[in-house]
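What follows is a short report on a single structure.
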Amino acid sequence: HHQTHTHPLRELIAQAEDVEWATLVDMGALVGPIVPPPNEQICSAMWVYSVKKDQLGAFLKIKARLTLRGDLQKPPTDGSPPLRTYAPVMKMSTLRSLISLHVRDPDVSFHQMDLTAAYISAPVARPTYLKIPPGRDAPFGKNTVLQVLRSLYGGKEAAFCFYADCLKFHLSLGFQQVPSDACYLHMRRGDDFIKLCFHVDDFLLVSKGGDTLEWYLTHMRTKYEIK
């Protein structure tokens, strides 16, 4: 982070950090500052930057993301469950099967859906505390930390937390999971249906019936920001 102070794009980088910080605050990802409980692991944070380009490859903006240093996370020693670092993704055979099964049906539509700040929509699996991120020191006192309530990118359990929360949400809507692919879900309402498979936060929707699709998207927007 200190290297950005002399970077030619330092003003845009600072603005990108402010946008990311506001997003985390709005989504309730962080609370504090607080004095951490004794004997709790305090995780480190790191800013990650990327350059976004337009369709012609020209510079568009700087994207900043506050990440948790998962590489420094230690396994729990208090008898709590071990860190769950694995999260399934869809099988390509499922994707090909869905396309081949419905591509010739004029009543069936295909949609691609991407979720914004997907991981942060999921709660953390266990109490997590974060050192004050670089560049955010001024408003906070010494010996204070932030409590992490949402699954920050970079955490060892971030992918699992998002997957488990996303699955729970869809099951609450009436979707069913199949044993052969943990990331394929389907539901039927009369003659209408929605079939979906997802790879992390990228979804393929196969639907029949416009009302059913709109019903699903309406519920999704109550929980996620959809691109």
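Excluded from the calculations below are hydrogen atoms, water molecules and symmetry mates; all remaining heavy atoms, backbone and side chain alike, are included.
Taking 4.5 Å as the limit, every side-chain heavy atom of Lys61 sits out of range of all side-chain heavy atoms of Leu12. Residues Leu30 and Val148 are in side-chain contact: their nearest non-hydrogen atoms beyond the backbone lie under 4.5 Å apart. Two residues are said to be in side-chain contact when any heavy atoms from C-beta on lie closer than 4.5 Å; Val35 and Asn143 fail this criterion. Proximity of Leu204 to Met90: side-chain heavy atoms (C-beta onward) are nowhere separated by under 4.5 Å. Phe203 places a side-chain heavy atom less than 4.5 Å from the side chain of Leu115. Within the 4.5 Å cutoff, no side-chain heavy atoms of Leu152 are placed close to those of Val124. A 4.5 Å side-chain heavy-atom check between Met113 and Phe198 finds every atom pair outside the cut-off. With contacts defined as side-chain heavy-atom distances shorter than 4.5 Å, the pair Arg150/Leu24 does not qualify.
Summarising the geometry, atom SG belonging to Cys197 is positioned 12.5 Å from atom NZ belonging to Lys91; distances are rounded to the nearest 0.5 Å. Note that CG of Asp18 is 12.0 Å distant from CD1 of Ile13, once rounded to the nearest 0.5 Å. Taken to the nearest 0.5 Å, the CD atom of Glu11 stands 12.5 Å off from the CD1 atom of Ile62. Considering CD of Glu20 and NZ of Lys63, their distance stands at 5.0 Å, rounded to 0.5 Å. Between Ile194 atom CD1 and Leu205 atom CG the span is 7.0 Å, to the nearest 0.5 Å. A distance of 8.0 Å separates NZ of Lys131 from CG of Leu72, quoted to the nearest 0.5 Å.
The side-chain contact (heavy atoms from CB on, under 4.5 Å) test with Leu68 singles out one residue from Pro133, Ser44, Ser151, Cys43, and that residue is Cys43. Here the rule is ring pair (Phe, Tyr, Trp, His ring centres under 6.0 Å) with His170, and of Tyr216, Tyr224, Tyr163 only Tyr216 fits it.
Under a cut-off of 6.0 angstrom, the local environment of CG in Asp211 is sparse, with at most 12 non-hydrogen atoms contributed by other residues, nucleotides or ligands.
Taking every heavy atom of both residues into account, Val200 and Phe162 meet most closely at O-CE2, 3.1 Å. Among all heavy-atom pairs drawn from Asp54 and Leu60, the shortest one is N-CB, 4.0 Å. Heavy atoms only, all atoms of each residue included: Arg84 and Ala125 are closest at NH2-CB, 3.3 Å. Taking every heavy atom of both residues into account, Gly190 and Arg188 meet most closely at O-CG, 3.2 Å. The shortest heavy-atom contact between Leu146 and Trp21 is CD1-CH2, 3.7 Å.
Lys74 places no side-chain N or O within 3.5 Å of a backbone atom of Gln41 that could act as its donor or acceptor partner. Judged purely by atom type and a 3.5 angstrom limit, Gln176 has no side-chain atom pairing as donor or acceptor with the backbone of His186. Using a distance-only test at 3.5 Å, with no hydrogens or angles considered, no donor-acceptor pair links the side chain of Trp47 to the main chain of Ala64. A side-chain donor-acceptor contact under 3.5 Å links Thr67 to the backbone of Met46. A donor-acceptor contact shorter than 3.5 Å is absent between the side chain of Glu225 and the backbone of Thr116. Of the possible donor and acceptor atoms, none in the side chain of Asp114 sits under 3.5 Å from a partner among the backbone N and O of Lys227. Side-chain N or O atoms of Gln177 include one that pairs as donor or acceptor with a backbone N or O of Ala182 at under 3.5 Å. Ser50 places no side-chain N or O within 3.5 Å of a backbone atom of Val48 that could act as its donor or acceptor partner.
In terms of hydrophobic clustering, with Ile, Leu, Val, Met, Phe, Trp and Tyr side chains grouped at heavy-atom distances under 4.5 Å, Tyr129 and Val31 are assigned to different clusters.
With ring centers used as reference points, Phe193 lies under 6.0 Å from His102.
Salt bridge absent: Asp105 and Lys208 never bring a charged side-chain N and a carboxylate O closer than 4.0 Å.
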